[in-house]
K.L.:
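One structure follows; several queries about it will come next.
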Amino acid sequence: MESLKSDHLMVVAIDFGTTYSGYAFSLGAEFESEPTKISSNKPWIASQGLVSHKTPTCVLLKPDKSFFKFGYEAEDRYNDIADLRTGEHKQYYFFRRFKMILHSRPHLRRETTIEDETGKTLEAMKVFEHGIRYLKDHALSTINTQGKLVDEMDIHWVLTVPAIWSEGAKQFMREAALKAGIETNNLSIALEPEAASVYCKYLPSHQLSKEQMSRSMFKPDSKYMVVDLGGGTADITVHKVESDDSLCEIHGPSGGAWGGTKVDEAFVKFLAEIFGDEVMKSFLNDHMEDAIDMYREFEIRKRKVMLDMSETPNMAIKIPVALYELYEDKHGRKLKEDIKKHDKYKDRVTCLADKMKIDSNIMKSFFKKPLDDLVEHMRDILGEMPVRGTNTFIIVGGFAESGIVQETIKAKFSNMRVIIPFDAGLAVLKGAVIFGHAPMVVTSRVCRRTYGMAVSKVYVEGKYPEGRKEIANGREIVRNVFHKYMEIGQPTKVGEAVSTVPLSASRGQSLARVRVFSSKDSCPEFVTDRGCSYLGEIIVNIPEMEQEEGGTVDVKMTFGGTELTVEALEKKSRKSYRSRFDFLCGD
């Protein structure tokens with residue numbers, strides 16, 4: 001392995017996940033001697049026997065919207081308040097599994113709001129800020145307890161995000177971190193599948209799976225697919241090892257909402273079929289404490305689901321008494337008797353006291369949709385030209401720890417080598433620490449969209465539709481032409497800069513803006529074409545031009561990094577002007 005040099009005294013990585021969150025850290029000196037010597041928080045412990053290096057991504061705020069609790073503590077404290085049956089818990093703000101809003105909202109803004117478990121709304125930025133601040137402060141406390149004497153200003157922070165996230169979602173996380181007390185110059189954004197890839201690159205082979213494993217997986221020209229299966233999303237990239245041992249992305253980030261939460265949703269839908277939508281709605285609204293206990297119980301059971309369940313024909317799950325009582329209050333009958341007559345579930349579901357015995361095939365069916373979608377997408381990627389020759393999968397993420405997930409992938413791709421680290425759920429987090437120390441491990445990425453700006457051009461008959469022709473200052477022009485900077489699928493070196501159309505600045509002008517558009521098409525003609533979307537603005541702060549006639553500013557967009565960046569230079573003096581992207585502004 002090549003000699004290593006850290007860029008920082010200490011790196012702390014925060015994995016702010018859809019279902020669970022955690023952090024890890026290492027000193028620069030530790031990284032240089034042993035890259036995988038990474039510390040993390042002590043395991044969090046919850047009821048029902050759950051012990052985890054991560055804690056649920058749950059934020060509990062007081063009625064005045066100030067921070068109260070996070071993680072298991074948030075769940076437990078909310079349970080305690082709800083147990084009083086006074087309705088006081090409805091005055092608190094309880095948010096869980098809210099991260100996916102950054103992926104699902106097509107027009108993300110700083111003012112975007114989200115609903116808590118009782119339907120109350122609050123600015124999403126505030127909720128993320130509270131969560132990140134809690135993890136930051138908890139990490140600092142752990143570091144201090146371990147006797148690692150490091151000034152907070154000497155710490156470089158890393159936030160992990162899905163690679164399929166938009167530029168706006170990444171900026172949202174960066175701004176939430178800034179509000180949480182992390183200086184933007186001390187923060188990097190790491191893409192989750194990349195972080196996992198980096199971690200596995202440095203792992204000794206005996207810490208990987210039991211299958212035969214050799215370092216040949218990382219020899220020059222070898223290709224492998226990284227499949228990061230989190231709670232909310234499946235996030236996939238394909239890497240190739242370069243001659244200098246660095247990693248080159250040969251297939252851009254892709255994936256979808258096929259994470260572990262889809263299994264939970266299928267379970268809740270199953271319960272709704274049995275108890276009825278009205279009963280389930282009442283249960284989730286008025287018995288949140290029991291619902292949380294049920295979710296924890298199901299979390300334990302679903303980890304034991306395998307493809308071959310012949311020795312376990314059914315699985316018993318504890319169902320809260322309150323749910324049975326709500327059913328009886330509505331129907332005047334006990335579910336225990338009604339389930340025996342159910343068209344779909346008779347002989348497959350049995351109610352015994354507070355237990356529900358569920359046929360193992362039903363339990364397996366909860367995994368079917370996300371796994372079918374995942375397998376189909378992986379097959380599609382393997383069929384693309386740059387990816388052909390890939391013979392190895394690296395499977396990581398919390399959902400990857402599920403037995404049925406591992407077995408399904410191995411069965412569907414029997415000719416592939418499937419590598420699953422023992423600590424698959426922590427691979428992203430630990431890889432993010434390594435990325436923070438040595439961000440240039442990944443030196444090339446694939447452009448995920450076509451980027452450009454709207455310009456006006458002289459109308460040319462036959463080149464542009466006649467309906468687009470306008471008259472301006474006596475000339476025939478066409479507006480909103482898509483001027484392309486970078487094309488989807490184009491390989492981009494980290495730090496590669498591409499010039500936009502030069503900006504003309506008038507004397508006294510203090511600010512210039514460039515509207516940026518993106519498309520999944522390789523050659524869009526107009527920014528108004530179907531599939532094109534407004535991405536945001538480049539904002540350039542321009543000091544007053546000394547020349548009477550003003551001047552020209554060269555604006556360059558830098559691709560290839562985990563985030564798009566921009567720089568602006570005055571053409572004559574080459575003086576640098578402060579510039580930035582804003583992906584969270586209105587269209």
K.L.:
Under the side-chain contact (heavy atoms from CB on, under 4.5 Å) rule, what do Leu122 and Val127 come out as? Steps first, then yes or no, please.
P.N.:
CA-CA 8 Å; Leu122 193 66; Val127 181; 4.0 Å; yes
K.L.:
Tell me, please, whether Phe94 has Arg77 positioned over its six-membered ring: NZ or CZ under 6.0 Å from the ring centre and within 45 degrees of its axis?
P.N.:
no
K.L.:
Under a 3.5 Å distance rule, please check whether Asp235 uses its side chain to pair with a backbone N or O of Pro253 as donor and acceptor.
P.N.:
no
K.L.:
When the ring planes of Tyr23 and His138 are compared, do they come out parallel, tilted or perpendicular, using 30° and 60° as the limits?
P.N.:
tilted
K.L.:
Looking only at heavy atoms, what is the nearest atom pair of Cys351 and Leu335, with distance?
P.N.:
SG-CD2, 3.9 Å
K.L.:
Looking at Lys126 and Glu129, is there a salt bridge between them, counting it only when a charged N and a carboxylate O are closer than 4.0 Å?
P.N.:
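The answer is yes: the pair qualifies as a salt bridge.
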K.L.:
According to the side-chain hydrogen bond (donor to acceptor under 3.5 Å, both in side chains) rule, which pairs have a member within residues 224-233, sequence neighbours left out?
P.N.:
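Sorted pair list: Ser197-Tyr224.
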K.L.:
Check Arg448 against Ala163 and note the closest heavy-atom contact, atom names and distance.
P.N.:
NH1-O, 3.3 Å
K.L.:
Provide the closest heavy-atom pair for Thr184 versus Leu178 in the form atom of the first, atom of the second, distance.
P.N.:
N-CD1, 4.1 Å
K.L.:
Answer yes or no: does atom CD of Glu265 have more than 12 heavy-atom neighbours from other residues, nucleotides or ligands under 6.0 Å?
P.N.:
yes
K.L.:
Can the ring centroids of Phe581 and Phe583 be said to lie less than 6.0 angstrom from one another?
P.N.:
yes
K.L.:
Charged N to carboxylate O under 4.0 angstrom, Asp286 versus Lys90?
P.N.:
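Salt bridge between Asp286 and Lys90, a charged N being under 4.0 Å from a carboxylate O: yes.
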K.L.:
Evaluate the side-chain contact (heavy atoms from CB on, under 4.5 Å) criterion for residues Trp165 and Phe172: first the C-alpha distance (whole Å), next the side-chain angles of each, then the deciding distance (0.1 Å), finally the verdict.
P.N.:
CA-CA 11 Å; Trp165 267 15; Phe172 192 98; over 6 Å; no
K.L.:
Going by the angle between their ring planes, with limits at 30° and 60°, are Tyr134 and Phe67 parallel, tilted or perpendicular?
P.N.:
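If you compare the ring of Tyr134 with that of Phe67, the planes turn out tilted.
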K.L.:
Over all heavy atoms of both residues, which pair between Phe435 and Ala190 is shortest? Give the atoms and the distance, please.
P.N.:
CD2-CB, 3.7 Å
K.L.:
Does Thr112 use its side chain to pair, donor to acceptor, with the backbone of Leu108 at less than 3.5 Å?
P.N.:
no
K.L.:
According to the ring pair (Phe, Tyr, Trp, His ring centres under 6.0 Å) rule, which pairs have a member within residues 321-357, sequence neighbours left out?
P.N.:
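Sorted pair list: Phe270-Tyr345, Phe275-Tyr324, Tyr327-His331, His342-Tyr345.
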K.L.:
Donor-acceptor check, side chain of Arg174 to backbone of Leu159, threshold 3.5 angstrom: yes or no?
P.N.:
no
K.L.:
Any side-chain to backbone donor/acceptor pair from Thr261 onto Gly231? Under 3.5 Å, distance only.
P.N.:
yes
K.L.:
So which atom in His53 and which in Asn41 form the shortest heavy-atom distance, rounded to 0.1 Å?
P.N.:
O-ND2, 3.1 Å
K.L.:
Taking only Lys NZ, Arg NE, NH1 and NH2, and the carboxylate oxygens of Asp or Glu, determine whether Glu407 and Lys410 approach each other closer than 4.0 Å.
P.N.:
no
K.L.:
How about NZ on Lys120, more than 12 heavy atoms from neighbouring residues, nucleotides or ligands closer than 6.0 Å, or not?
P.N.:
yes
K.L.:
Answer yes or no: is there an ion pair linking Lys269 with Glu273, defined by an N-O contact shorter than 4.0 Å?
P.N.:
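Glu273 and Lys269: not salt-bridged.
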K.L.:
Using the rule given for side-chain contact (heavy atoms from CB on, under 4.5 Å), can you reason through Arg96 versus Tyr295, listing the C-alpha separation, both sets of side-chain angles and the distance that settles it, and then say yes or no?
P.N.:
CA-CA 12 Å; Arg96 62 190 297 271; Tyr295 288 140; 3.5 Å; yes
K.L.:
Between His239 and Glu194, is there a side-chain heavy-atom distance shorter than 4.5 Å?
P.N.:
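The answer is yes; the side chains approach within 4.5 Å.
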K.L.:
Without hydrogens or angle criteria, can the side chains of Glu167 and Gln171 be said to hold a donor-acceptor pair below 3.5 Å?
P.N.:
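The answer is no; no qualifying pair exists.
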K.L.:
Phe98 and Phe128: aromatic ring centres closer than 6.0 Å?
P.N.:
yes
K.L.:
Is the shortest heavy-atom distance from the side chain of Leu307 to the side chain of Thr408 under 4.5 Å?
P.N.:
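Yes, close enough: below the 4.5 Å cut-off.
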K.L.:
Go through Ile14 and Trp157 one step at a time and tell me if the side-chain contact (heavy atoms from CB on, under 4.5 Å) criterion holds.
P.N.:
CA-CA 8 Å; Ile14 295 175; Trp157 299 85; 4.1 Å; yes
K.L.:
Grab the two heavy atoms, one from Gly181 and one from Glu152, that are nearest each other, plus how far apart they are.
P.N.:
O-OE2, 4.4 Å
K.L.:
Taking Ser188 for its side chain and Gly436 for its backbone only, find out whether a donor-acceptor pair lies under 3.5 Å.
P.N.:
no
K.L.:
For the CD atom on Glu311, are there more than 12 heavy atoms of other groups (residues, nucleotides or ligands in this structure) within a distance under 6.0 Å?
P.N.:
no
K.L.:
Has Lys54 got a side-chain atom pairing as donor or acceptor with Gly425's backbone, closer than 3.5 angstrom?
P.N.:
yes
K.L.:
Mind checking what makes side-chain contact (heavy atoms from CB on, under 4.5 Å) contact with Ala234, not counting sequence neighbours?
P.N.:
Leu229, Trp258, Leu374
K.L.:
Between the side chain of Thr55 and the main-chain N/O of Tyr72, is any donor-acceptor distance below 3.5 Å?
P.N.:
yes
K.L.:
Testing Lys170, Glu563, His103, Lys99 for side-chain contact (heavy atoms from CB on, under 4.5 Å) with Val161, which one passes?
P.N.:
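Of all the options given, the one that passes is Lys170.
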K.L.:
Does this structure show an ion pair linking Arg97 with Asp264, if we count only N-O contacts that are shorter than 4.0 Å?
P.N.:
yes
K.L.:
If you define the side chain from C-beta out and look only at heavy atoms, does anything of His377 sit under 4.5 Å from Ser254?
P.N.:
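They are in contact (side-chain heavy atoms under 4.5 Å apart), so the answer is yes.
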K.L.:
Please check: side-chain N/O of Thr121 versus main-chain N/O of Ile114, any donor-acceptor pairing under 3.5 Å?
P.N.:
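No, the answer is negative, given that no donor and acceptor are paired below the 3.5 Å cut-off.
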K.L.:
Judged by atom type as modelled, is there a donor-acceptor pair below 3.5 Å linking the side chain of Thr312 to the main-chain atoms of Met309?
P.N.:
no
